[in-house]
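A quick write-up on the structure given underneath.
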Number of protein chains: 2
Amino acid sequence: MPVAEKSAAESKFAEFLLRKGLRMTAQRRVIVSVVRSTAEHFTAEQLLAWSQRRNRSVSRPTVYRTLSLMNACGLVRAMDLGEAYTFYDPNFADHPNHSHIICEDCGKIIEFDSDRIAKLEDDICRKLGFTAQARRLQITGSCAKFRETGNCPRRARAAPDSNG
Amino acid sequence: MPVAEKSAAESKFAEFLLRKGLRMTAQRRVIVSVVRSTAEHFTAEQLLAWSQRRNRSVSRPTVYRTLSLMNACGLVRAMDLGEAYTFYDPNFADHPNHSHIICEDCGKIIEFDSDRIAKLEDDICRKLGFTAQARRLQITGSCAKFRETGNCPRRARAAPDSNG
DNA sequence: ATCAATGCAAATAATTTGCAAAAAG
DNA sequence: CTTTTTGCAAATTATTTGCATTGAT
């Protein structure tokens with residue numbers, strides 16, 4: 001999943017705040033910037049750690065509150081992976097219709113787009129008189145092949161660059 | 001989604017227990033029986049209430065523990081609907097590949113099967129050398145049409161029959 | 001000046017767990 | 001008899017919230 005025009009996504013957040021009569025703050029700027037600098041799926045706790053690395057004043061409640069705003073405006077997507085905590089997908093803004101394949105061996109998340117699946121979903125919704133607002137498709141399993149080819153590093157999960 | 005051969009599903013649980021060296025108890029029998037008697041998606045708390053109606057001795061921890069076993073053996077499927085609690089799908093045993101359309105207006109959950117979507121998923125997994133173990137597709141939106149035709153009762157959610 | 005946002009500490013609440021008593025095989 | 005299961009009460013833990021202070025506009 002290529003990282004595309006994230007700055008556009010960022011201004012999307014600014015516009016969202018404006019429209020809602022909310023304010024841009026130093027903390028929010030840091031948090032959004034950190035999210036912008038990663039393509040990995042992350043937890044609130046990870047985001048807190050990464051953000052504090054850049055600005056000690058970022059607190060846990062602020063991370064949760066900002067995450068909620070970012071989710072509301074479509075900059076990020078809350079995902080349930082069956083773990084105790086919620087994961088957030090930073091690629092949602094650019095690829096609102098992508099799906100996830102989750103490797104249970106290494107925890108790796110692979111993203112893919114399928115116009116053909118989306119088309120079938122549309123047909124079904126139309127047939128049922130249903131107006132779709134969001135969709136999520138997750139496939140879990142094991143990537144035996146990936147491990148053979150070295151593409152399934154165990155629990156590899158990189159932190160974003162500390163210079164954003 | 002028609003209710004099909006649930007008794008088969010029940011013996012599946014018995015076999016599962018046997019295979020694992022676990023035991024069948026009065027509480028587990030009640031819980032499984034209650035789950036068998038509903039086609040609705042439910043929460044642990046609802047299942048507790050329904051089960052206690054039949055046998056006061058069923059406790060919350062036992063419901064959670066049994067739900068976990070049922071999920072492990074495929075009798076039930078844990079679902080995240082963005083609420084604070086987990087919903088369980090009792091139709092998973094009979095229709096392991098069905099998808100969900102969730103109406104945000106009324107909370108209603110509509111289930112459907114699509115061989116064509118499943119086929120496309122298979123193709124993608126094969127192409128990635130990925131062995132799928134489970135899949136979940138959720139589409140959320142609003143069922144305006146349903147409400148017109150009276151098929152979208154607000155938060156209607158029936159308790160299962162109290163006679164098993 | 002306003003009114004929103006922050007950090008802190010405390011609260012919330014679903015789910016899990018330790019343990020001694022009870023039941024299954 | 002041995003091992004699992006149960007209910008109870010307490011623990012766990014991600015996420016949320018009240019509140020006084022700080023900061024954005």
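Here is how names work: the chains are called A, B, and so on, in the same order as the sequence lines, proteins then strands, and each is numbered from 1. If you're wondering where the values come from, they're calculated on a predicted model, not measured in any experiment.
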Self-check item: Residue closer to the 5' end of DNA chain D, Val58(B) versus Pro61(A) (nearest nucleotide)
Solution: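 This one resolves to Val58(B).
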
Quiz prompt | First encountered from the 5' end of DNA chain D, between Tyr64(A) and Thr66(B) | solution =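 So the residue in question is Thr66(B).
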
Separation of [X] atom [atom1] from [N] atom [atom2], in whole Å?
| X | N | atom1 | atom2 | value |
| --- | --- | --- | --- | --- |
| Asp80(B) | dA14(C) | CG | P | 14 Å |
| Leu22(A) | dA24(D) | CG | P | 15 Å |
| Leu69(A) | dT16(D) | CG | P | 12 Å |
| Gln27(B) | dC8(D) | CD | C1' | 14 Å |
| Arg60(B) | dA11(D) | CZ | P | 17 Å |
| Glu83(A) | dT13(D) | CD | C1' | 14 Å |
| Asn55(A) | dT6(C) | CG | C1' | 11 Å |
| Phe16(A) | dA4(C) | CZ | P | 15 Å |

Quiz item: Is a salt bridge present between Asp122(A) and Lys119(A), judged by a nitrogen-to-oxygen distance below 4.0 Å?
Solution: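 Judged by the 4.0 Å cut-off on N to carboxylate O distance, Asp122(A) and Lys119(A) do not form a salt bridge.
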
Self-check item: Interatomic spacing from OG in Ser114(B) to CD1 in Ile117(A) - rounded to 0.5 Å
Solution: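 Interatomic distance, Ser114(B) OG to Ile117(A) CD1, rounded to 0.5 Å: 9.0 Å.
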
Self-check item: Side-chain donor/acceptor of Arg23(B) to base of dT3(D), under 3.5 Å
Solution: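 Yes, a donor-acceptor pair under 3.5 Å.
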
Report yes if at least one side-chain N or O of [X] is closer than 4.0 Å to OP1 or OP2 of [N]; otherwise report no.
| X | N | answer |
| --- | --- | --- |
| Tyr85(B) | dA14(C) | no |
| Arg28(B) | dA24(C) | no |
| Thr25(B) | dT6(D) | yes |
| Thr86(A) | dT15(D) | yes |

Result block: side-chain N/O donor-acceptor pairs under 3.5 angstrom for residues 62-74 of chain B, not counting sequence neighbours:
unit_1	atom_1	unit_2	atom_2	d
Thr62(B)	OG1	Ser59(B)	OG	3.3
Thr66(B)	OG1	Thr62(B)	O	2.8
Asn71(B)	OD1	Ala78(B)	N	3.1

Quiz item: Contact class for Glu45(A) vs. all strands (heavy atom < 4.0 Å): base, sugar-phosphate, or nothing?
Solution: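 The residue Glu45(A) makes no contact with any strand.
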
Self-check item: Donor on one side chain, acceptor on other, His100(A) and Asp89(A), under 3.5 Å
Solution: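 A pair is found: one side chain offers a donor N or O, the other an acceptor, under 3.5 Å apart.
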
Self-check item: Comparing Arg65(B) and Ala84(B) on DNA chain C - which has the more 5′ nearest nucleotide
Solution: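 Its nucleotide being nearer the 5' end, the pick is Ala84(B).
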
Quiz prompt | Main-chain N/O of Arg23(A) paired to Arg28(A) side chain as donor or acceptor, under 3.5 Å | solution =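 Judged by distance alone, yes, a pair lies under 3.5 Å.
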
